[in-house]
Structure formats: structure tokens, C-alpha cells
Amino acid sequence: QVQLVESGGGLVQPGGSLRLSCAASGSIESINDMGWYRQAPGKQRELVAAITSVGSTNYPGSVKGRFTISRDNARGTVYLQMNSLKPEDTAVYYCNAAIRTTRWGSPYDYWGQGTQVTVSS
């Protein structure tokens, strides 16, 4: 059984900052790529940031320069530092990780439960 537990969402004013955390737990052999997605009401879920097991990162243009993804492999945790937040960043943010539960098995995508981020004055 593998779980991803997110924390750090909340209400913030435009221009403010938030830091999201996501910790993986359970029967884990290894964690490959990790990432953050978001879904606003009436919109499709979209990638916000991704990081490989060796630290290579990827961001869409909408958040590049404002958001930073990082990970602590020893703790099985991924972080998302969000700065200069805008009202259009308001969404439910989901953590995602490709996790191998056995030494010879294929990685499987796991998702967190989601955490609400609201940017409003």
C-alpha cells in the first residue's frame, strides 16, 4: 500500500507565497519522476512542475520563474515553492509520483488527495 500525503495549501493574497509538500509512504522500492498538477473548476488537470529522480526539472510557461519544484529522495518527499502567486493559480493541487513497489516491477502512477490553493485579496 502506497500513499502520497500533501500539505501546505491555503488562502494567500496575490503576490504572496506558499510551499506545498508531498510525502510518499508505504511499501516503496524506488521513486522515479515526481510532479505537481493542478485542476481549476471547469478546467482539465494540468502539469505544474515535474522533477526526475536525478533532479532535472520541467515547468510550463505559465509558472516558469515563479514556481520551484524540489525533492528529498531520502525522505520520499517532493516540494513546490510557489512565489508571486496570481488569482489564476487558484486550483486544487495534486502530487504525482511514479513508484516501483518491487525490485523488478514496473513503476505505477500514484496520486495524492489534493490540496486547495486559493489566491485572492
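Transitive grouping of hydrophobic side chains (ILVMFWY, heavy atoms separated by less than 4.5 Å) brings Y59 and L85 into a common cluster. With hydrophobic clusters built from ILVMFWY side chains whose heavy atoms lie under 4.5 angstrom apart, I51 does not share a cluster with Y37. When hydrophobic clusters are built by joining Ile, Leu, Val, Met, Phe, Trp and Tyr residues whose side-chain heavy atoms come closer than 4.5 Å, directly or via intermediates, V2 is grouped together with I31. V92 and V12 are members of different hydrophobic clusters when ILVMFWY side chains are connected at heavy-atom separations under 4.5 Å.
Note: N58 CG to D33 CG = 10.0 Å, rounded to the nearest 0.5 Å. Separation of atoms CD (E29) and OG1 (T102) is listed at 7.5 Å; rounding is to 0.5 Å. Considering SG of C95 and CG of L80, their distance stands at 10.0 Å, rounded to 0.5 Å. Note that the CE atom of M34 and the CG atom of D72 stand 10.0 Å from one another [nearest 0.5 Å].
In this structure, C22 and L4 approach most closely via the heavy-atom pair SG-CB, 3.8 Å. Residues S84 and D89 share a closest heavy-atom pair of O-OD2, 4.4 Å. Closest of all the heavy-atom pairs between M82 and V117 is CE-CG2, 3.9 Å. The two residues I99 and A24 come nearest to each other via the heavy atoms CD1-CB, 4.3 Å. Closest non-hydrogen pair, V48 versus P60, comes out as O-CD, 3.0 Å. The two residues A91 and A40 make their nearest non-hydrogen contact at CB-N, 3.8 Å.
Between N96 and W36, every side-chain heavy-atom pair lies at or beyond the 4.5 Å cut-off. For the pair V63/R38, a side-chain contact is recorded, criterion being any heavy-atom separation below 4.5 Å from C-beta on.
Under the 6.0 Å distance and 45° angle rule, R71 does not count as a cation-pi partner of Y79.
By the 6.0 Å contact criterion, CD on Q44 is open, its count of non-hydrogen atoms from other residues, nucleotides or ligands being 12 or less.
With hydrogens and angles ignored, the 3.5 Å screen pairs a side-chain donor or acceptor of R100 with a backbone N or O of G105. Counting only distance, with no hydrogens or angles, the side chain of Y94 and the backbone of Q39 share no donor-acceptor pair below 3.5 Å. A donor-acceptor pair is defined here as one N or O able to donate and one able to accept, closer than 3.5 Å; no such pair exists between the side chain of T90 and the backbone of E88.
Applying the side-chain hydrogen bond (donor to acceptor under 3.5 Å, both in side chains) rule to pairs touching residues 108-121 yields Q116-T118, sequence neighbours excluded. Pairs of residues two or more places apart, or lying in two chains, never qualify as side-chain hydrogen bond (donor to acceptor under 3.5 Å, both in side chains) while including a residue from residues 1-12. Residue pairs meeting the disulfide bond (SG atoms under 2.5 Å apart) criterion with at least one partner in residues 64-93, sequence neighbours excluded, do not occur; the list is empty.
Remark: the N83 side chain and the S17 side chain contain an N/O donor-acceptor pair separated by less than 3.5 Å.
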